[in-house]
Amino acid sequence: MPDSVRPTTGASIFDRLEPLLPRVQKPIQYVGGELGAVSKDWADTTVRWALMYPDAYEVGQPNQGVQILYEVLNEQPDVLAERTYSVWPDLEALMREHAVPQFTVDAHRPVGDFDLLGVSFSTELGYTNLLTALDLAGIPIESADRDDSHPVVLAGGHAAFNPEPIADFLDAAVLGDGEEAVLEITDIVRGWKAEGSPGGRDELLLRLARTESVYVPRFYDVDYLPDGRIQRIVPNRPDVPFRVHKRTTMDLDAWPYPKKPLVPLAETVHERYAVEIFRGCTRGCRFCQAGMITRPVRERSITTIGDMVENGLKESGFNEVGLLSLSSADHSEIGEVAHGLADRYEGSNVSLSLPSTRVDAFNVELAEELARNGRRTGLTFAPEGGSERIRKVINKMVTEEDLIRTVTTAYSGGWRQVKLYFMCGLPTETDEDVLQIARLAHEVITSGRQATGSKDVRCTVSIGGFVPKPHTPFQWAAMADPETIDRRLKALRDAINANRSLGRAIGYRYHDGRPSHIEGLLSRGDRRVGRVIKRVWAEGGRFDGWSEHFSYDRWVSACDAELPALGVSLAWYTTRERQQAEVLPWDHLDSGLDADWLWADWQDALSEVEQDDCRWTPCFDCGVCPAMDTEIQIGPTGRKLLPLTPVTS
Ligand code: SF4
């Protein structure tokens with residue numbers, strides 16, 4: 001809003017916050033001032049964004065999405081972007097007692113003073129933290145109660161592909177890549193403010209909705225059938241689109257962010273320079289929402305990757321580099337990237353890593369190449385399913401021989417520890433499918449001992465609960481109930497330990513089925529689930545992604561209190577299989593994937609039929625490329641990384 005209409009000052013509240021900090025845990029997380037942070041005068045800017053990652057600083061600070069948008073926005077001379085994170089309950093209590101509002105860590109300005117509050121959701125378990133932040137900021141929790149004096153609250157990130165459970169708390173949601181979207185939104189806000197904010201908040205939201213890539217829930221009505229299913233979701237005004245489309249940034253070389261990575265002062269979950277080497281994935285794992293909604297594959301070129309690493313290390317002082325993507329070994333020039341970077345940084349203190357989940361020997365070769373420059377980080381492989389049958393259902397094309405060959409190569413190459421990721425509760429899963437994980441793990445240790453002639457080999461089996469996600473072929477699937485998951489996980493532990501010699505070499509990490517069950521409610525929920533979220537929050541729900549804060553009983557009792565009157569229930573949202581004709585809460589949100597293709601892929605899953613990767617086989621018509629006017633962009637470019645010339649002064 002123009003500053004004359006909405007005279008916020010952005011004045012720092014640090015003098016009120018500072019006396020509280022000695023009384024809370026890890027106060028350094030609230031002070032900001034990191035290397036890479038930007039400081040601007042409020043009065044010199046016209047569009048002001050508060051960017052939030054709705055978790056604690058230690059988790060939120062390294063988030064690439066927020067760091068990229070922070071930098072892209074702050075590069076605009078008249079735009080100010082600052083960051084805010086969830087405050088721990090100890091500080092929340094003190095802030096309420098002393099009337100200190102939700103603040104940014106950069107200049108400690110009240111979040112309520114900004115024009116926009118952009119919240120990035122990687123997981124739905126952050127929803128209650130959104131409500132805490134809104135409430136602390138003095139922003140009404142329900143969007144319907146906000147007026148021109150409040151920021152526009154926007155959601156992004158993967159969870160925004162079904163924002164319906166938080167629709168009442170949002171003004172808007174943006175689907176897909178953010179780099180260009182935030183600049184387009186900024187232009188609209190700038191123009192509207194320059195005109196004197198005609199039509200107030202409603203007009204601004206309308207202008208955003210007309211872009212067809214910003215979803216404004218209040219402009220859409222949901223009608224329900226007597227049995228609780230959705231009848232239709234339609235615009236309630238003529239000038240907004242029937243479907244809202246995702247944004248796709250096609251040329252990643254043109255967006256080489258972060259250029260100035262933020263270096264945390266407090267301890268965080270990742271302290272490294274991370275380069276996203278490509279975006280999107282067409283491997284087609286049917287459970288993987290990230291792979292489906294980020295199509296098509298777009299690679300960064302080898303030379304841009306090299307330049308980003310060089311510049312990022314110089315700017316940050318980090319000595320660790322992560323080459324990130326959904327399946328990094330699939331970059332068409334990953335061999336050259338690994339070799340070139342290993343050569344460049346050989347003998348330095350820079351360590352390079354690749355989150356390795358692909359199960360093949362090439363992955364081990366890559367890890368060996370990268371380990372030339374530093375320590376050997378653990379190797380992780382993700383077969384995801386214990387039996388050959390279930391791996392066909394989920395389209396994880398890994399045979400048992402692949403896995404044994406891969407881990408044997410790793411053990412023979414000097415690795416002593418590998419991690420194996422699996423899921424429990426997958427569609428069509430039986431007890432036997434899960435018990436096969438124990439047999440596989442035993443086989444891994446036996447083969448490792450044979451290959452190395454040593455008993456000093458270990459593996460860790462890490463297993464999580466499957467959550468069906470929107471815009472995937474499993475969006476129609478029934479979840480297993482938490483009791484079934486827990487029974488299978490316990491039986492698996494017993495089966496691993498049934499052989500004491502092998503069992504001793506196998507670590508076992510699992511999460512009980514209950515948080516996944518609630519994540520399932522929030523992932524595929526509709527607007528009626530908003531009442532549950534609000535009740536859970538009002539009853540103290542915070543940091544639901546943290547096991548020490550998560551309360552399953554609180555969620556169940558909130559569902560029991562809110563949902564029966566609406567003719568639905570927790571089980572209705574989670575353990576019920578959907579039919580093809582059912583209108584899903586996200587059907588009006590377009591990820592580019594063709595609904596008929598998704599359904600056909602779901603039927604293929606039930607028939608245990610696999611689907612190849614379109615990077616190396618012909619297009620199988622998932623719909624993304626024609627729908628979004630995009631195409632897969634992969635190399636090889638044939639370029640090489642040249643040695644760096646030492647800088648002499
Ligand atoms: S439309 Fe074809 S080429 Fe594009 S991502 Fe889908 S299957 Fe691959």
Side-chain angles (χ1 to χ4, degrees), residues 157-158 160-162 175-181 212-213 243-255 276-301 324-334 357-358 360 384 391-398 468-477 580 584 586-637:
H158 290 180
F161 277 80
N162 176 26
L175 278 61
D177 298 332
E179 291 96 335
E180 292 162 289
E212 304 199 355
S213 61
R243 298 193 84 203
V244 180
H245 310 293
K246 80 165 177 185
R247 299 290 304 234
T248 303
T249 296
M250 284 309 294
D251 182 3
L252 292 192
D253 280 355
W255 297 88
E276 189 181 15
I277 62 173
F278 68 86
R279 206 172 277 179
C281 183
T282 38
R283 284 212 156 234
C285 302
R286 292 178 172 128
F287 54 83
C288 180
Q289 185 191 41
M292 294 287 166
I293 62 177
T294 59
R295 289 176 181 193
V297 171
R298 291 144 287 151
E299 288 185 353
R300 272 205 167 104
S301 67
L324 306 189
S325 73
L326 292 171
S327 177
S328 291
D330 284 342
H331 189 288
S332 62
E333 289 181 304
I334 191 63
T357 55
R358 204 174 93 175
D360 62 30
E384 311 281 5
R391 287 196 295 274
K392 285 196 169 129
V393 171
I394 63 178
N395 204 41
K396 194 87 195 180
M397 289 182 276
V398 174
K469 294 279 181 175
H471 306 279
T472 70
F474 288 167
Q475 64 183 357
W476 291 279
Q580 187 176 15
L584 301 172
W586 51 91
D587 275 354
H588 57 307
L589 304 177
D590 181 12
S591 61
L593 295 159
D594 181 74
D596 290 337
W597 176 80
L598 280 174
W599 179 263
D601 205 43
W602 169 225
Q603 298 309 301
D604 282 349
L606 296 174
S607 312
E608 299 164 20
V609 173
E610 293 162 303
Q611 171 70 67
D612 281 335
D613 186 326
C614 63
R615 263 173 292 192
W616 304 295
T617 60
C619 167
F620 48 77
D621 291 328
C622 78
V624 169
C625 295
M628 299 283 154
D629 196 19
T630 56
E631 57 186 3
I632 57 172
Q633 291 192 346
I634 59 172
T637 62

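Order of listing sets the numbers, starting from 1, for every ligand and every atom in it. Not measured: the values here are computed from a predicted model.
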> Just by modelled atom types, is the Asn395 backbone N or O under 3.5 Å from a matching donor or acceptor in the Gln611 side chain?
Replying inline: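 Pair absent, no side-chain N/O of Gln611 close to backbone of Asn395.
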
>> Quick one: does any side-chain atom of Arg279 pair with a main-chain N or O of Arg300 as donor and acceptor, under 3.5 Å?
In response: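 Absent.
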
> Is Thr282 close to Arg295 at the side-chain level, that is, under 4.5 Å between some pair of heavy atoms?
Replying inline: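 SC-SC contact between Arg295 and Thr282 confirmed.
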
> With side chains defined as the heavy atoms from C-beta onward, is the minimum distance between Arg358 and Arg283 less than 4.5 Å?
Replying inline: yes

> So Trp599 and Trp476, would you call those rings parallel, tilted or perpendicular, with 30° and 60° as cut-offs?
Replying inline: perpendicular

> Looking at CZ of Arg243 and CG of Leu589, how far apart are the two atoms once the value is rounded to the nearest 0.5 Å?
Replying inline: 8.0 Å

>> Inside 2.8 Å of atom 4 (Fe) of ligand 1 but strictly below it, how many protein N/O/S atoms are present?
In response: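 Number of qualifying protein atoms: 1.
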
